Asks: 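Quick one: the structure is below, questions incoming.
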Amino acid sequence: MAFYQSKQIVNNEPLVSGDGATEVISIVGDFTTVTGMVTGEIVEMVGLPAGYVPVDVIVAFDASAGAAFTTDCGVLSGNYASLAARTQGNEAFAANTAGQGAAALVRAVKPNLAQLAPADNDRGIGLKIVGTLTTLVVGTNIRMTLLARPARNGV
């Protein structure tokens, strides 16, 4: 089973950081679907810097004709940008159907994402394909925007 990463991760772009700040930062990742993607595959979309906690996640799917696939969105195991075998949770949303011939904009719907504890390591946030891909259109553009803030006093 293949593992994919957004353009920003592949290009080794550094994670955004607002050291010492309390403002929310936005972190963006883009991915275009490719031939051969199957159920269970993960796309690491963005990184959550160490010491930061998520506020919200927004995922925009293209209006590719006939595209419809189901995804989970959540935190990946292991360290950010690692190519080792990893798993993914569904802290933001689970089994969301995207596309269906129209553009889709999806936000976190589960409180679990906003309740994540800060970590000492950079973590990945991704999408996992969990539904049937008989209608996946190659070339569907996906953009994830993660809103995160520095953890203050351990939360």
Side-chain angles (χ1 to χ4, degrees), residues 1-19 21-34 37-62 64 67-99 103-131 133 136 139-152 154-155:
M1 185 172 311
F3 178 74
Y4 302 95
Q5 294 178 321
S6 69
K7 296 171 188 174
Q8 289 81 355
I9 296 171
V10 170
N11 291 332
N12 293 317
E13 292 184 18
L15 281 174
V16 175
S17 175
D19 289 341
T22 58
E23 291 83 17
V24 171
I25 60 172
S26 64
I27 304 163
V28 177
D30 297 297
F31 182 75
T32 303
T33 57
V34 296
M37 295 182 79
V38 297
T39 300
E41 290 183 331
I42 295 170
V43 179
E44 183 175 27
M45 293 294 294
V46 298
L48 177 64
Y52 277 71
V53 292
V55 173
D56 196 3
V57 66
I58 304 161
V59 184
F61 297 89
D62 252 4
S64 299
F69 51 97
T70 305
T71 58
D72 288 352
C73 179
V75 179
L76 277 71
S77 63
N79 291 317
Y80 170 72
S82 169
L83 294 175
R86 296 162 76 189
T87 60
Q88 181 194 303
N90 60 7
E91 293 85 358
F93 57 78
N96 178 75
T97 301
L105 185 65
V106 183
R107 295 186 86 146
V109 295
K110 296 172 71 176
N112 308 48
L113 185 73
Q115 296 170 338
L116 280 177
D120 293 333
N121 63 309
D122 298 336
R123 297 178 282 179
I125 306 290
L127 294 172
K128 180 178 181 180
I129 298 170
V130 295
L133 289 180
L136 176 69
T140 298
N141 294 309
I142 303 169
R143 171 167 286 162
M144 177 182 285
T145 303
L146 173 69
L147 303 176
R149 65 169 177 80
R152 303 297 280 181
V155 293

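Every value quoted in this text rests on a predicted model; they were computed, and no experiment measured them.
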Asks: For the backbone of Ala95 and the side chain of Asp72, can you confirm whether one donor and one acceptor N or O come within less than 3.5 Å of each other?
Replies: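 Checking the backbone N and O of Ala95 against the side chain of Asp72, a donor-acceptor pair under 3.5 Å is found.
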Asks: Identify the two heavy atoms, one from Leu48 and one from Ala148, that lie closest to each other, and give their separation to 0.1 Å.
Replies: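 In this case the closest contact between Leu48 and Ala148 is CD1-CB, 3.7 Å.
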Asks: Identify the two heavy atoms, one from Ile142 and one from Met45, that lie closest to each other, and give their separation to 0.1 Å.
Replies: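 Reported closest heavy-atom pair: O-CE, 3.7 Å.
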Asks: Got a second to check how far Glu91's CD is from Leu116's CG, nearest 0.5 Å?
Replies: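 Glu91 CD to Leu116 CG: 5.5 Å, rounded to 0.5 Å.
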Asks: With a 3.5 Å distance limit and no angle check, can you tell me whether Gln5 reaches the backbone of Val10 through a side-chain donor-acceptor pair?
Replies: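 Judged by distance alone, no pair lies under 3.5 Å.
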Asks: Is a donor on one side and an acceptor on the other found under 3.5 Å between the side chain of Thr140 and the backbone of Thr33?
Replies: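 Answer holds: no.
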Asks: Give me the atom names and distance for the closest heavy-atom approach of Asp62 to Gly139.
Replies: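 Scanning both residues completely, I find the closest heavy atoms to be OD2-O, 4.2 Å.
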Asks: Mind listing the closest non-hydrogen atom pair of Ile58 and Leu105 along with its distance?
Replies: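 Heavy atoms of Ile58 and Leu105 come nearest at CG2-CD1, 3.4 Å.
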Asks: Supply the atom-to-atom distance Cys73 SG to Phe93 CZ, rounded to the nearest 0.5 angstrom.
Replies: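 Answer rounded to 0.5 Å: 4.5 Å.
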Asks: So for atom CZ, which belongs to Arg86, do other residues, nucleotides or ligands contribute more than 12 heavy atoms lying within a distance under 6.0 Å?
Replies: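 Yes, CZ of Arg86 has more than 12 neighbouring heavy atoms, counting only those of other groups under 6.0 Å.
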Asks: Do Arg143 and Val59 have side chains that get closer than 4.5 Å, going by heavy atoms?
Replies: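 Arg143 does not reach Val59 side chain to side chain.
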Asks: Rounded to the nearest 0.5 Å, how far does CD1 of Ile42 lie from OG of Ser77?
Replies: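 Going from the OG atom of Ser77 to the CD1 atom of Ile42 covers 7.0 Å.
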Asks: Could you please spell out the steps behind the side-chain contact (heavy atoms from CB on, under 4.5 Å) verdict for Tyr80 and Asn121?
Replies: CA-CA 8 Å; Tyr80 170 72; Asn121 63 309; over 6 Å; no
Asks: Less than 4.5 Å apart, side chain to side chain, heavy atoms only: is that true for Thr71 and Phe61?
Replies: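 Yes - at least one pair of side-chain heavy atoms lies under 4.5 Å apart.
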Asks: With a 4.5 Å cut-off on side-chain heavy atoms, are Tyr52 and Ile25 touching?
Replies: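 Counting from C-beta outward, Ile25 and Tyr52 do come under 4.5 Å.
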Asks: With a 4.5 Å cut-off on side-chain heavy atoms, are Leu146 and Pro54 touching?
Replies: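 The answer is yes, as the side chains (C-beta and beyond) meet within the 4.5 Å cut-off.
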Asks: Give a yes or no on whether the backbone of Ala81 and the side-chain of Glu44 come within a donor-acceptor separation of less than 3.5 Å.
Replies: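 Such a contact is found between Glu44 side chain and Ala81 backbone.
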Asks: Got Met37 and Ile129 here, is their nearest side-chain heavy-atom distance under 4.5 Å?
Replies: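 Contact flag for Met37/Ile129 side chains = yes.
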Asks: Ser26: which residues meet the side-chain contact (heavy atoms from CB on, under 4.5 Å) condition with it, sequence neighbours left out?
Replies: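 Counting only residues at least two positions away or on another chain, Ser26 forms a side-chain contact (heavy atoms from CB on, under 4.5 Å) with Thr145, Leu147.
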Asks: Do side-chain atoms of Lys128 reach the backbone of Gly89 as a donor and acceptor pair under 3.5 angstrom?
Replies: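 No, because the side chain of Lys128 does not come within donor-acceptor range (under 3.5 Å) of the backbone of Gly89.
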Asks: Scan for salt bridge (Lys or Arg N to Asp or Glu O under 4.0 Å) pairs involving residues 49-58, sequence neighbours excluded, and state none if there are none.
Replies: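 Counting only pairs at least two positions apart or across chains, the salt bridge (Lys or Arg N to Asp or Glu O under 4.0 Å) contacts touching residues 49-58 are Asp56-Arg107.
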Asks: Considering the options Leu76, Ile125, Val75, which one meets the side-chain contact (heavy atoms from CB on, under 4.5 Å) requirement together with Gln88?
Replies: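 Answer to the side-chain contact (heavy atoms from CB on, under 4.5 Å) test with Gln88 among Leu76, Ile125, Val75: Leu76.
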Asks: Identify which one of Leu15, Ile27, Val28 satisfies the side-chain contact (heavy atoms from CB on, under 4.5 Å) criterion when paired with Val46.
Replies: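 Testing Val46 for a side-chain contact (heavy atoms from CB on, under 4.5 Å) against Leu15, Ile27, Val28 leaves exactly one candidate, Ile27.
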Asks: Rounded to the nearest 0.5 Å, how far apart are CD of Glu41 and OH of Tyr4?
Replies: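 One finds 4.0 Å between CD of Glu41 and OH of Tyr4.
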Asks: Of all heavy-atom pairs between Pro150 and Glu23, which one has the smallest distance, and what is that distance?
Replies: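 Closest approach of Pro150 to Glu23, heavy atoms only: CD-O, 3.5 Å.
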Asks: Taking all atoms of both residues into account, what is the closest heavy-atom pair of Arg149 and Val55, and its distance?
Replies: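 Reported closest heavy-atom pair: CG-CG2, 3.9 Å.
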Asks: Is the shortest side-chain heavy-atom distance between Lys7 and Thr32 below 4.5 Å?
Replies: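 Sidechains of Thr32 and Lys7: in contact.
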Asks: What do the steps show when you test Asn96 against Thr70 for side-chain contact (heavy atoms from CB on, under 4.5 Å), and what is the final call?
Replies: CA-CA 5 Å; Asn96 178 75; Thr70 305; 5.7 Å; no
Asks: Between CG of Leu127 and OG of Ser6, what distance do you get to the nearest 0.5 Å?
Replies: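 Interatomic distance, Leu127 CG to Ser6 OG, rounded to 0.5 Å: 10.5 Å.
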